[in-house]
Amino acid sequence: MNQERITVVLADDHSSIRAGLRLLLETAEGIDVIGEAADGAAAVSQAFALRPDVVLMDARMPGTDGVAATRRIVADSAAQVLMLTTFDLDEVVFGALRAGASGFLLKSVEPDQLIDAIRRVAAGDGVLAPEVTRKLLREFAGGDDLEVNASPSSSDDTPAELSEHLTRRELDVLAALGRGLSNAQIATELFVSLATVKTHVSSILSKQQLSSRMQAAILAREARLA
């Protein structure tokens, strides 16, 4: 079975960590590491030059940090970004989501989970570490404003206001994103093709001025769709 390979750039200021990640990913079927970066600025340059499917980004690096680098990469649509960090600090988690990261994992993640996350992000799905998901759900339960939306007005949208901008089917997809479903799961639930789901997700992000499906998921929860 001939499948398209996933290209990855590794961004971490510790060479030993990059070497370990490269060794792990080079043993994974269908994944090619095509570049490395020791800081955020180099990660941006590598992403712009190589156009990988995924940048595996360390959150904390000297100079341009991972959050700032993610913001630049996502703004240019150069790659999907999967953020890695040692600690699930609020400012790092929320900063990564505001910047448009497609996923956020702790460095303690198991190797098979990391490989699966890279594949899911490359396929257009989002990934959050369970620890981070619990943190976000606590914030939602407390009613706090996460300020993750690219558009200031988006965070105040009610279901009625969203329906003025989104079609009925797009609202269904947005609600599913808020429940954390993958594209494949949404396609199954709504009895549509995977390509149709991806089209709806892209339309939602464009209409609501969002950078990632993670931001869309949070919008869905803020609007009480999920």
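Computed over heavy atoms, backbone and side chain alike; hydrogens, waters and symmetry mates excluded. Note that the coordinates shown come from a computational prediction; the quantities given were computed from them, not determined experimentally. Residues take their numbers from the sequence shown, with the count starting at 1.
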Run E164 and K207 through salt bridge (Lys or Arg N to Asp or Glu O under 4.0 Å) and show every step you take. CA-CA 11 Å; E164 295 178 3; K207 288 180 178 180; over 6 Å; no
Please report the C-alpha distance between I73 and M57 in whole Å, then the side-chain angles of each, then the deciding distance to 0.1 Å, and finally whether the side chain to side chain contact (heavy atoms under 4.5 Å, CB included) criterion is met. CA-CA 11 Å; I73 290 170; M57 181 82 73; 3.6 Å; yes
With side chain to side chain contact (heavy atoms under 4.5 Å, CB included) as the criterion, how do L25 and L10 come out once you've worked through the C-alpha distance, each side chain's angles and the decisive distance to 0.1 Å? CA-CA 10 Å; L25 296 182; L10 305 175; 3.8 Å; yes
Passes side chain to side chain contact (heavy atoms under 4.5 Å, CB included), S102 versus V121? Steps please. CA-CA 6 Å; S102 297; V121 167; 3.8 Å; yes
Test side chain to side chain donor-acceptor pair (under 3.5 Å) on S202 and T199 and set out the steps. CA-CA 5 Å; S202 296; T199 297; over 6 Å; no
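Considering all non-hydrogen atoms of both residues, T86 and L106 come closest at O-CD2, 4.5 Å. Considering all non-hydrogen atoms of both residues, I186 and A176 come closest at CG1-CB, 3.6 Å. Between V201 and V173, the closest heavy-atom pair is CG2-CG1, 3.9 Å. Taking every heavy atom of both residues into account, I115 and A28 meet most closely at CD1-CB, 3.7 Å. Of all the heavy atoms in G178 and A220, the pair that sits closest is CA-CB, 3.8 Å. Considering every non-hydrogen atom in both V9 and P52, the closest pair reads CG2-CG, 3.7 Å.
Although no hydrogens or angles enter the test, the distance criterion places a donor-acceptor pair under 3.5 Å between the side chain of T7 and the main chain of D53. In terms of modelled atom types and a separation under 3.5 Å, the side chain of R213 and the main chain of G124 share a donor-acceptor contact. Of the possible donor and acceptor atoms, one in the side chain of T70 sits under 3.5 Å from a partner among the backbone N and O of G66. D125 contributes a side-chain N or O that, together with a main-chain N or O of N183, makes up a donor-acceptor pair within less than 3.5 Å.
Side-chain contact check for S203 and S206: no donor-acceptor pair (N or O, by modelled atom type) lies under 3.5 Å.
One distance of note links CD of Q80 with CG of L56; it measures 13.0 Å at 0.5 Å rounding. Going from atom CG of L82 over to atom CZ of F104 covers 10.0 Å, rounded to the nearest 0.5 Å. Remark: L205 CG to H200 NE2 distance equals 13.0 Å, nearest 0.5 Å. Taken from CG in L97 to CE in M83, the straight-line distance is 8.5 Å, to the nearest 0.5 Å. Interatomic distance, L219 CG to I204 CD1, rounded to the nearest 0.5 Å: 9.0 Å. The CD1 atom of I31 lies 11.0 Å from the CD atom of E26; values are rounded to the nearest 0.5 Å.
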Which donor-acceptor pairs under 3.5 Å do side chains of residues 32-44 form with protein atoms, sequence neighbours excluded?
{"residue": "D32", "atom": "OD1", "partner": "R5", "partner atom": "NE", "Å": "3.1"}
{"residue": "D32", "atom": "OD1", "partner": "R5", "partner atom": "NH2", "Å": "3.0"}
{"residue": "D32", "atom": "OD2", "partner": "R5", "partner atom": "NE", "Å": "2.7"}
{"residue": "E36", "atom": "OE1", "partner": "R18", "partner atom": "NE", "Å": "2.9"}
{"residue": "E36", "atom": "OE2", "partner": "R22", "partner atom": "NE", "Å": "2.6"}
{"residue": "E36", "atom": "OE2", "partner": "R22", "partner atom": "NH2", "Å": "3.2"}
{"residue": "D39", "atom": "OD1", "partner": "A41", "partner atom": "N", "Å": "3.1"}
{"residue": "D39", "atom": "OD1", "partner": "A42", "partner atom": "N", "Å": "2.7"}

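The shortest distance between side-chain heavy atoms of E189 and R179 falls below 4.5 Å. Residues P62 and D13 meet the side-chain proximity criterion, which asks for heavy atoms closer than 4.5 Å. Inter-residue side-chain proximity for L114 and L21 is flagged as met; some heavy-atom pair is nearer than 4.5 Å. The shortest side-chain heavy-atom distance between D116 and V127 does not fall under the 4.5 Å cut-off.
L190 and L194 are assigned to two separate hydrophobic clusters, defined by single-linkage of ILVMFWY side chains at heavy-atom distances under 4.5 Å.
The pair R60-D65 does not meet the salt-bridge criterion, since no charged nitrogen lies less than 4.0 angstrom from a carboxylate oxygen. Comment: D172 engages R168 in a salt bridge, judged by a side-chain N to carboxylate O separation of less than 4.0 angstrom.
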